[in-house]
Structures are given as C-alpha cells and as structure tokens.
A.B. asks: 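Quick one: the structure is below, and I'll ask about it shortly.
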Number of protein chains: 2
Amino acid sequence: MARSDTRYRQAYNRLLDFCGTLPVGASVPAETELGEIANVSRTVIRRCLSRLEERKVISWDGREKRLLRRPTDADRVELADSRVSTADLEQRFLDWVLRFDVPADTPLSVAELSRTFGVPQHELKEFLAGLSRFGLVARRRQGGWMLRGFTRDFAVELSDFRAVLELNAVEQAAEAPVDHPIWPRLEALRAEHLDLAARIDSDFHAFSKLDETFHKTINSVVRNRFIEEFQKVISLIFHYHYLWDKTEEKDRNAAAIAEHLAIIDALEARDADAAREAARRHLRTSKTTLLSSLRHHELG
Amino acid sequence: MARSDTRYRQAYNRLLDFCGTLPVGASVPAETELGEIANVSRTVIRRCLSRLEERKVISWDGREKRLLRRPTDADRVELADSRVSTADLEQRFLDWVLRFDVPADTPLSVAELSRTFGVPQHELKEFLAGLSRFGLVARRRQGGWMLRGFTRDFAVELSDFRAVLELNAVEQAAEAPVDHPIWPRLEALRAEHLDLAARIDSDFHAFSKLDETFHKTINSVVRNRFIEEFQKVISLIFHYHYLWDKTEEKDRNAAAIAEHLAIIDALEARDADAAREAARRHLRTSKTTLLSSLRHHELG
DNA sequence: TAACAGTTTTTAATAATAAAGCGCAGACGG
DNA sequence: CCGTCTGCGCTTTATTATTAAAAACTGTTA
C-alpha cells in the first residue's frame, strides 16, 4: 500500500549507465548533480546511492564517493511493468462509449472501468470529473457516476455549440492576413476535395478523415485554449457518428464535399458574409446528419 | 481506513423517528420498505435493525419484527461531524485565487488546500481535474498541480471566448418570440439601469451586481449545457476584476450603463445588426477593463 | 408464486503508508 | 570564512488496504 518505486528504479539504472562512463576509482559527483543527471530529487538519488554502496559498486563516506568497480548488467533492477498508456484515456473512453453504443443513463462503475482500461481507479475518477464539465457524465446522488450519454438533447446542444465556435472561426479565417499558414493549407485541401470528388463512387469512405482535417484546419486560426479543449471532444464525436450512419453515405459525402468547396471558395475570395453563409449551411447539414444517425441507432 | 458510516447513522435515527410513529407492539414493515423510507439499501437497514434489536427496541425473528418499546432520545446515535459544504467548492476556490491574488504558476498543494477548505483530498483532486479542462490549473510532470493562473494570455482568451458566446446570445435574443420571458426582464433591467444612472454619483458601486444580472439575462436565452458551464466561471472572474479596478470606477460604470442601454434598445427594436454591434462595443470595453485591471495588479 | 430474509459479491470512500520532495543547520574543503 | 554539500527530519503525493454501502443472488415461507 504505497506508491510504486518506478521512479527510483529508473533513476538507479540511469545512474548505473552514468557510472559506466566513469573510470574505476573516479569520484562520483555530488547528490545535487546526480539529481540533475537522472532528473529526480535528491531523496531518490540517496536511495540509489545506498543501494550502490550496498552492492559495492561505490564507496560512500560523507561527500567522498568513489567508483569501486565497473557496473554490470546483473546490477540493474527490473522496472516492473509498462503501465498501459494513460495519456489517451480520453480517446479510449469516448471510443468505448461510442463504439459499444453505451446507452444514456448507464451507471458507470469505476472499478469495472478501471479493469477494462487498465488504469488505476483514482485516475479514472479524475478523468470522469473532468468529463463531467462537458456534461457527458455526472455524479449520482448515492455515489458513483453515470453516463448522461448521447441523448438527442446532448447532440442538439453539441451541434449548436459547435456551430457557434466554427462560425467564429470562419469569420476570423476570412480576415486572416495573406501570409497566414491557413491559405496554403486551404489550397491543398481544395485539391484533395476535388480529387476525392472525382473518385467518390469508389472511395467515399475516405471522406470522414478529410472532413476532420478540414474542420481542424478552419479552427486552427483561432488560438484559444477553451475552444481547443472542446474541439477535441467535438471532432471525435462527429467523426464517429459520421462513420456510423451508412444511409446514403455516398450522396451525403458528395454533398458535403461541395459544401466544403463552397466555404473554401468564399474564404479565398475573402468574402466573409458568403463564407459565413456557406459554413452555416454546412453546419446545418452536419447537425441533421448527426441527429439522423442517432435516430437510426435508437431504432436499430 | 474505511468510508464513514454517516449513512448508517442517519438511517438509524430516521428509523427511530419512524418507530416513534408506530404503536408499541406493532409489527415493523419489511426491510425493503424500510429501505425506501430511509432511502438507503437493505444492507444498511439490516445493520440498523441489528442495533435496534440489540438495544431491545424491537424483537426480530426472521420476518417477524415487533416494536417492543417507544424509542427515546438516548437511543439516538451521534452523527459525528457536519462536513463543511462541499457544494460551492468552486466558488470558494476561485474566490481564494482571485482574492489573494495567487500568482500564476504557483504550485498547489492538495494537502494544504484540503486543510484550508476543509474538504477531503480526493474531492479536491477531482475538482482540480475538472478545472484543468478550463486551463486554469494543470498537472505538473512530477506529480501535483499548479495554478496556470490568471495571466494576460488567459484573460485575453477568456474575453474572446466570452465575446463569441455572448454575441451568439445577443443574436438569439433578437430573434426571441414576443412571449419569451426575456422581454419583461429586459424592460425591468432598463428601469434599473436608468434608476442607477440617475444616482450614479453616490451609488456607482452597485453597478457590479447589475452588470452580472444583465449578462446573465442575455445569456439565459441560450439553453446549452456547455455554454452554461462556462458562463459560471466567466461571470465570476469578470465580476471580481470589475470590483478591483478602482481607477475611474464611476466613469467606467456610467459608460457601461449607457452601453447596456444601447443593447437593450437595439434588442427591443428587434434590430439584430444594431444589437450585435452594440454588444461588440460593450464587450470590447469589458476586455479593456479586464486587462487594465490586470496591469494595475501587476504593478501594485 | 410473490414477497421476503439470508447470503454473497461488487463497488466506492477513506485512512494508512511508502515514496518522493523540500529545506535548514551544520560540516567540510578550499 | 565563505560557499558548497550532506544529513536529517518534516511535508506532500500517489497508491493500496480496508471497510461501509449497494447490488445481486438464493432459498424460504405465507
């Protein structure tokens, strides 16, 4: 019942490596300096030094530390496990919710999630607490969490919010200076769209990815931590639902390509009003698609 | 090292109360039913029943439970502590940050915060995890948290974001139907603004509260969980900084009243463009005020 | 056979604790 | 005698062990 000593183990091995670079008999640097080498606090260093002394790799008497022998592979310590990536927990969690179509108002068990994701409970709790800011999960009165889920209301509000953010982005893009990096990127996107449009009959599946890139590009002109935070969630959710709704996918995608091109045209003409209008039209379509995808899911 | 048994204690006392309403000798209802009365699970009820039997308040044999005597005050159990409100932790935390002007990039000690706020550590962690979504705090690489704080960048981005949300709200307000509750509220606000304007020389301090009400009203036309979540933080922050910047407070407030009235005028005339423009102007002023308040703070 | 009590399994909240971090006082070397 | 380094002890954090509470099962009786 205590935190893991991975930090110590890693530091220890790193110190062994360092000692390997020193000649036998050389004096070992001060604790502070070693701390900087291994990027840990002095406390950890001291523990490592204790062990090094114990194993007779170094002598240690006050500030007199000397390398006694060349360290071998046998001196190294195991660094137990490679704890599964905790970084993309968000990605994996949303993926799970969307892929398995977890219904709204499902009680979430921290213990169970902890097992399926291979992440300690307390980390999950923190993560869920974060998500609750987006209204995707909520605390239950008697403890525990529940997925507020992917209801129609949620989808509508998410779409509306997305529209607000993205119309703002389009407005800003229209006023971006000529040397802004968005212009070459838009030009490249236009080419990709035209390319895909030409072979839409066979490759219409490729659109989903292109769509994501397009919206990411548009939004990239807005440098705002709040908006960026949301964008991650928004794009993921739209992305998935796009993938699902298989009804008339080809036609939908062809239409969306046309709408994207209209936005690009208006932007490159620096016509803010037209761009706004085009974006508004496209977002309206997106919203409809998202809602219809939900409806099919409910029925299915 | 276990969770507290407050739930059990409360349930026990509530059952005592319930028994008080029964005549001596009456049969006590089933566990499930008792569970509904006290709003706890059967497990807790059984624990309570055990104690009731032990103290000879009831007899208990299988499903045969009878009230032996009228419960007295001596039978009740203490419910240890009144854990300080955990509900408005957000309010209190932001209050603390802003009031004591905690500088950016301050390391936050969960242990210390836990003490000053009288809240268990794990709750604080969850809370901080939630705040990190707003970019106000961040995890440090080597564990712990830090306040990313109230930098100039943060203020700029917050203002911009607020502007995006609020311009959208104004747009929607301009198109609200005649029977929408916003109209009488706006009319009332107009009166309050005029009233305050008349006695601005003495009462200019009262504006801060009026400002908050005004913006809250405008935003109330947008029903969107994401936006609402943000609004709480935004309004709190602006509110505080308004209170601080004492330079030319009277003039500033008088000007703001005029700007508010312009927005109300345009809205009531259902002139969306004019309303947008008026709002844009006001938001620009607000941003300037927020930034100058920061500047003074840095210097002072 | 349906409602109930007894039992077992799971889950979540909290305390305990090892690991890591921090800072000061004094020692040591130059 | 001054600056650097270490020894030491206190703080803080991350993680686990433990228990309260909830939920799920199972058998029994009215």
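Only heavy atoms go into these numbers, but all of them, side chains included; no hydrogens, no water, no symmetry mates. Reminder, nothing fancy here: chain letters follow the sequence lines and each chain counts from 1.
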A.B. asks: Check the distance between C:dA19's C1' and A:I45's CD1 and give it to me in whole angstrom.
C.D. replies: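 Nearest whole value for this atom pair: 14 Å.
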
A.B. asks: Who passes salt bridge (Lys or Arg N to Asp or Glu O under 4.0 Å) against B:R139, sequence neighbours left out?
C.D. replies: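 Checked B:R139 against salt bridge (Lys or Arg N to Asp or Glu O under 4.0 Å); matches are A:E126.
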
A.B. asks: Which pair of non-hydrogen atoms, one from A:L128 and one from A:V137, has the smallest distance, and what is that distance?
C.D. replies: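 Heavy-atom minimum between the residues: O-CG2, 3.4 Å.
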
A.B. asks: Using whole Å, what does the distance between atom P of nucleotide D:dA14 and atom CG of B:L128 come to?
C.D. replies: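 Going from B:L128 (CG) to D:dA14 (P), I get 11 Å.
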
A.B. asks: Let me know the distance between CD of A:E36 and P of C:dG21, rounded to the nearest Å.
C.D. replies: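 Whole-Å distance recorded here is 14 Å.
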
A.B. asks: Under the side-chain hydrogen bond (donor to acceptor under 3.5 Å, both in side chains) definition, can you give me all pairs with a residue in residues 17-33 of chain B, not counting sequence neighbours?
C.D. replies: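 For residues 17-33 of chain B, and leaving out neighbouring residues, the side-chain hydrogen bond (donor to acceptor under 3.5 Å, both in side chains) pairs sorted by first residue read B:D17-B:R76, B:E31-B:R42, B:E31-B:R46.
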
A.B. asks: Rounded to whole angstroms, how far apart are CD on B:E123 and P on C:dA15?
C.D. replies: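 Checked: the CD to P distance equals 12 Å.
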
A.B. asks: Run the side chain to side chain contact (heavy atoms under 4.5 Å, CB included) test against A:S41 and tell me which residues pass, sequence neighbours left out.
C.D. replies: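 Side chain to side chain contact (heavy atoms under 4.5 Å, CB included) list for A:S41, sorted by chain: A:T43, A:V44.
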
A.B. asks: Output all residues satisfying side chain to side chain contact (heavy atoms under 4.5 Å, CB included) with B:V156, sequence neighbours left out; order by chain, then residue number.
C.D. replies: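 Once residues adjacent in sequence are excluded, the partners of B:V156 under the side chain to side chain contact (heavy atoms under 4.5 Å, CB included) criterion are B:D160, B:K287, B:L291.
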
A.B. asks: How are the rings of B:Y8 and B:Y12 set relative to one another: parallel (under 30°), tilted (30 to 60°) or perpendicular (over 60°)?
C.D. replies: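 Taking B:Y12 first and then B:Y8, their aromatic rings sit tilted (interplane angle of 30° to 60°).
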
A.B. asks: Applying side-chain hydrogen bond (donor to acceptor under 3.5 Å, both in side chains), can you list everything that pairs with A:R69, at least two apart in sequence or on another chain?
C.D. replies: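 With sequence neighbours excluded, A:R69 shows a side-chain hydrogen bond (donor to acceptor under 3.5 Å, both in side chains) to A:D75, given in chain and number order.
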
A.B. asks: Using heavy-atom distances to pick each residue's nearest nucleotide on DNA chain D, tell me which of B:Q121 and B:V44 is more 5'.
C.D. replies: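 The answer here is B:Q121.
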
A.B. asks: Using the ring pair (Phe, Tyr, Trp, His ring centres under 6.0 Å) rule, collect all pairs that involve residues 123-147 of chain B, keeping only residues at least two apart or in two chains.
C.D. replies: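 Applying ring pair (Phe, Tyr, Trp, His ring centres under 6.0 Å) to every pair that reaches into residues 123-147 of chain B, excluding sequence neighbours, yields B:F93-B:F127, B:F134-B:F230.
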
A.B. asks: Using atom CG of B:N39 as one end and atom C1' of D:dA22 as the other, report the distance to the nearest whole Å.
C.D. replies: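 One finds 13 Å between C1' of D:dA22 and CG of B:N39, rounded.
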
A.B. asks: Considering heavy-atom distances to DNA chain D, does B:R139 or A:E33 have its closest nucleotide positioned more toward the 5' end?
C.D. replies: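 So the residue in question is A:E33.
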
A.B. asks: For a quick test of reading the model: is some side-chain N or O of A:H122 closer than 4.0 Å to OP1 or OP2 of D:dA14?
C.D. replies: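 For D:dA14, OP1/OP2 do not have a side-chain N/O of A:H122 under 4.0 Å.
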
A.B. asks: For D:dT13, does OP1 or OP2 lie under 4.0 Å from any side-chain N or O of B:K125?
C.D. replies: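 It does not, given that no N or O in the side chain of B:K125 lies less than 4.0 Å from OP1 or OP2 of D:dT13.
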
A.B. asks: Rounded to whole Å, please give me the gap between CG in B:D5 and C1' in D:dA22.
C.D. replies: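 Whole-Å distance recorded here is 15 Å.
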
A.B. asks: Using the salt bridge (Lys or Arg N to Asp or Glu O under 4.0 Å) criterion, which residues pair with B:R148? Sequence neighbours excluded.
C.D. replies: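 Not a single residue meets the salt bridge (Lys or Arg N to Asp or Glu O under 4.0 Å) criterion with B:R148.
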
A.B. asks: Between the two end axes of the helix from C:dT1-D:dA30 to C:dG30-D:dC1, each built from 5 base pairs, what angle do you get to the nearest 10°?
C.D. replies: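 End axes: 0° apart.
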
A.B. asks: OP1 or OP2 of C:dA18 versus the side-chain N and O atoms of A:R47: is any pair under 4.0 Å?
C.D. replies: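 Checking A:R47 against C:dA18: no side-chain N or O falls below 4.0 Å of OP1 or OP2.
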
A.B. asks: Go through residues 14-28 of chain B and report each residue with a non-hydrogen atom lying under 4.0 Å from DNA chain C, sorted by number.
C.D. replies: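 Close to the strand, none.
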
A.B. asks: Does the protein touch nucleotides 6-12 of chain D at the base, only the backbone, or not at all? Give it as B, S and - per nucleotide, heavy atoms under 4.0 Å.
C.D. replies: BBB---S

A.B. asks: To the nearest Å, give me how far apart CZ (A:R9) and P (C:dA18) are.
C.D. replies: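 It is 16 Å, rounded to the nearest whole Å.
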
A.B. asks: Please give, in whole Å, the distance from C:dA20 P to A:Y12 OH?
C.D. replies: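 So the two atoms are 15 Å apart, to the nearest Å.
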
A.B. asks: With sequence neighbours excluded, what pairs up with A:R140 under the salt bridge (Lys or Arg N to Asp or Glu O under 4.0 Å) test?
C.D. replies: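 Once residues adjacent in sequence are excluded, A:R140 has no partner under the salt bridge (Lys or Arg N to Asp or Glu O under 4.0 Å) criterion.
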
A.B. asks: Report the distance from atom CG of A:D5 to atom CD of A:Q10, rounding to the nearest 0.5 Å.
C.D. replies: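 Answer for the CG-CD pair, A:D5 versus A:Q10, is 10.5 Å.
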
A.B. asks: Sequence neighbours excluded, which residues qualify as salt bridge (Lys or Arg N to Asp or Glu O under 4.0 Å) partners of B:R63?
C.D. replies: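 For B:R63 there are no salt bridge (Lys or Arg N to Asp or Glu O under 4.0 Å) partners, ignoring immediate neighbours.
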
